[in-house]
2 protein chains.
Amino acid sequence: MPSEAQFAEIAALAGDPARASMLHALMDGRALTATELARVAGVTPQTASGHLARLSTAGLVHVEQQGRHRYHRLATPAIARMMESIMQVAAELAPPRKHFTVGPRDAALREARTCYDHFAGRLGVALADAMIAEGHVELTSDAGILTDPGLNFLGAIGIDTTGLVARRTKRSGRVLCRPCLDWSERRHHLAGSVGAAICRHSLEQGWTIRSAGTRAVLVTPKGTRIFREHFKMQIYQPS
Amino acid sequence: MPSEAQFAEIAALAGDPARASMLHALMDGRALTATELARVAGVTPQTASGHLARLSTAGLVHVEQQGRHRYHRLATPAIARMMESIMQVAAELAPPRKHFTVGPRDAALREARTCYDHFAGRLGVALADAMIAEGHVELTSDAGILTDPGLNFLGAIGIDTTGLVARRTKRSGRVLCRPCLDWSERRHHLAGSVGAAICRHSLEQGWTIRSAGTRAVLVTPKGTRIFREHFKMQIYQPS
DNA sequence: GGAATGCTTCGGGCGTCGCCGAAGCATTCT
DNA sequence: AGAATGCTTCGGCGACGCCCGAAGCATTCC
């Protein structure tokens, strides 16, 4: 029974610029060291240490000691979803300024990134569009559904679908998936267990690789081919 | 393209105890005056005025002047969803303390409340359970689906389903709905357009009425009968 | 063993922000 | 018109917390 006080505490933890940067950097689900987080937040290590102590005692990040390093990662997926939803509001409220491309780093993020466990950015929405066009998924703002051909398709390209099959609804055996509104594209992409399965497999197979230090991902030539020939992805062209 | 700075700003706005209380009070979607919000936040009117000014200039709340009153409400549904997701994290992180029923007000909230546009609390999950048991909806943690019998059922009890029908997926014509994890019950209930339609109709028909000043709702005798006889709701007994 | 690295705690400076009392408009009631 | 209500702005006080420099452990490298 969370009280408003606990609500405010969590929001306040996320509300500091330095901590927000750190949490952001952890959004891809990986574990980073304190020094790396200090760098992305633009503060000294001792300041970062204090922030990380607060985040971990609050339970937002999980710490794991390994030698002289301390690896931090988001404690639960719910925290990533919370941050997504805050980004959501930020995108809504942001002034409709034109494409002020701030830098190459932001451009890469808009191009393709991970959203904790699934793809977002132009790549994410293009994948979702392709899946919809091929009749593999159906998507509304409320929810999504993986069709039977869609399930077969995922199996055919090598994705282990046992995890998805296990999550089917009791009655009709449908596999459902979660839509996620993309803050950079302002369109929906695939999240939930389906989006996570695609992302995981794509990274394992080397279709995409993580960019060092950021949430951005790069599509490899192999991935470009797979996405075009198998997913029938049209719109996306890596720039 | 929201930056981390805007992210932090929004989180910080929600991170102050007084503002969090106010936002909480607005979670049912209604518009409240500045004085009412000052009272629920436990601050003086002039302090509340400052907070509300910040919230409105940031775009989180929308203000409407009416005579000498200024009515405040959440600017968009996305803000309510954001707060839900923060509550979500708070519930996860909250120590698993026993049922420390703080007071009658909290008890009423746990019993039945609105979650911006749909029902939550024991009533919310009981309704969802009944709909699932009757085969009207299927629900996973990722998403939900309204079955054809379910759509007919909603029409039969008088709900205007044109809004739902309009939101069907292009291909198979399914009506999808959004699950929402209940922080008090730790179970899923119905949200999205389906949950909103049920909640709206229930309030219009007098099956439930809003409790003054809080997000709690009361089930009327008429509502108790309807929920039992038509929805086949089992578990819920108003206490 | 000595040096370097990663991280933490301590102490103090400083800015920000939340809070309220007092006062000032605007609207409404009688 | 005068009083009451709703809300805001102004001024000032107090505290919380963000930040860094300095110093202290722990681990690892040479």
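All values below come from the heavy atoms of this structure, side chains included, with hydrogens, waters and symmetry mates left out. Because the structure is predicted, anything quoted here is derived from the model rather than measured. Below, chains carry the letters A, B, ... as their sequence lines are ordered, and counting in each starts from 1.
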Sequence-distant partners of Arg187(A), side chain to side chain donor-acceptor pair (under 3.5 Å), two or more places apart: Asp129(A)
Which residues share a side chain to side chain donor-acceptor pair (under 3.5 Å) with Ser141(B), sequence neighbours left out: Arg167(A)
Closest to the Thr47(A) side chain, choosing from dT8(C), dT8(D), dC19(D): dC19(D)
Contact list for DNA chain C against residues 8-20 of chain B - heavy-atom distance below 4.0 Å: Asp16(B), Ala18(B), Arg19(B)
Residues that Ala38(B) engages under side chain to side chain contact (heavy atoms under 4.5 Å, CB included), provided they are two or more places apart: Ala48(B)
Where at least one partner belongs to residues 16-46 of chain B, residue pairs that pass ring pair (Phe, Tyr, Trp, His ring centres under 6.0 Å), sequence neighbours excluded: Phe7(A)-His24(B)
Nucleotide dT5(D), atom C1' - distance to CD of Glu36(B) in whole Å: 14 Å
Nucleotide dG18(C), atom P - distance to CE of Met22(B) in whole Å: 11 Å
Residues which pass side chain to side chain donor-acceptor pair (under 3.5 Å) with Glu9(B), listed by chain and number, not counting sequence neighbours: none
Distance, rounded to the nearest Å, where Leu32(A) contributes CG and dG6(C) contributes P: 14 Å
Qualifying residues under side chain to side chain donor-acceptor pair (under 3.5 Å), relative to Asp117(A), sequence neighbours excluded: none
Within residues 49-58 of chain A: residues closer than 4.0 Å to DNA chain D (heavy atoms): His51(A), Arg54(A)
Please tabulate, one pair per line, all N/O donor-acceptor pairs under 3.5 Å involving side-chain atoms of residues 201-209 of chain A, not counting sequence neighbours.
| unit_1 | atom_1 | unit_2 | atom_2 | d |
| --- | --- | --- | --- | --- |
| His201(A) | NE2 | Gly158(A) | O | 3.0 |
| Ser202(A) | OG | Thr208(A) | OG1 | 2.8 |

Contact summary for Ala90(A) and Ile10(B), nearest pair of heavy atoms: CA-CD1, 3.4 Å
Pairs involving residues 19-29 of chain B, ordered by first then second residue, that meet salt bridge (Lys or Arg N to Asp or Glu O under 4.0 Å) (sequence neighbours left out): Asp28(B)-Arg30(B), Asp28(B)-Arg210(B)
Contact letters for nucleotides 22-30 of chain C, in which S counts primed atoms plus P, OP1 and OP2 and B counts the base, heavy atoms under 4.0 Å: B----BS--
Heavy-atom side-chain contact between Ile79(B) and Tyr116(B) under 4.5 Å: no
Exercise answer: donor-acceptor pairs, residues 52-61 of chain A side-chain atoms, under 3.5 Å, sequence neighbours excluded:
| unit_1 | atom_1 | unit_2 | atom_2 | d |
| --- | --- | --- | --- | --- |
| Ser56(A) | OG | Leu52(A) | O | 3.2 |
| Ser56(A) | OG | Ala53(A) | O | 3.1 |
| Thr57(A) | OG1 | Ala53(A) | O | 3.1 |
| Thr57(A) | OG1 | Arg54(A) | O | 3.1 |

Separation of atom CG in Leu37(B) from atom C1' in dT8(D), rounded to whole Å: 15 Å
Closest to side chain of Val43(A), choosing from dG6(C), dC20(C), dC19(D): dC19(D)
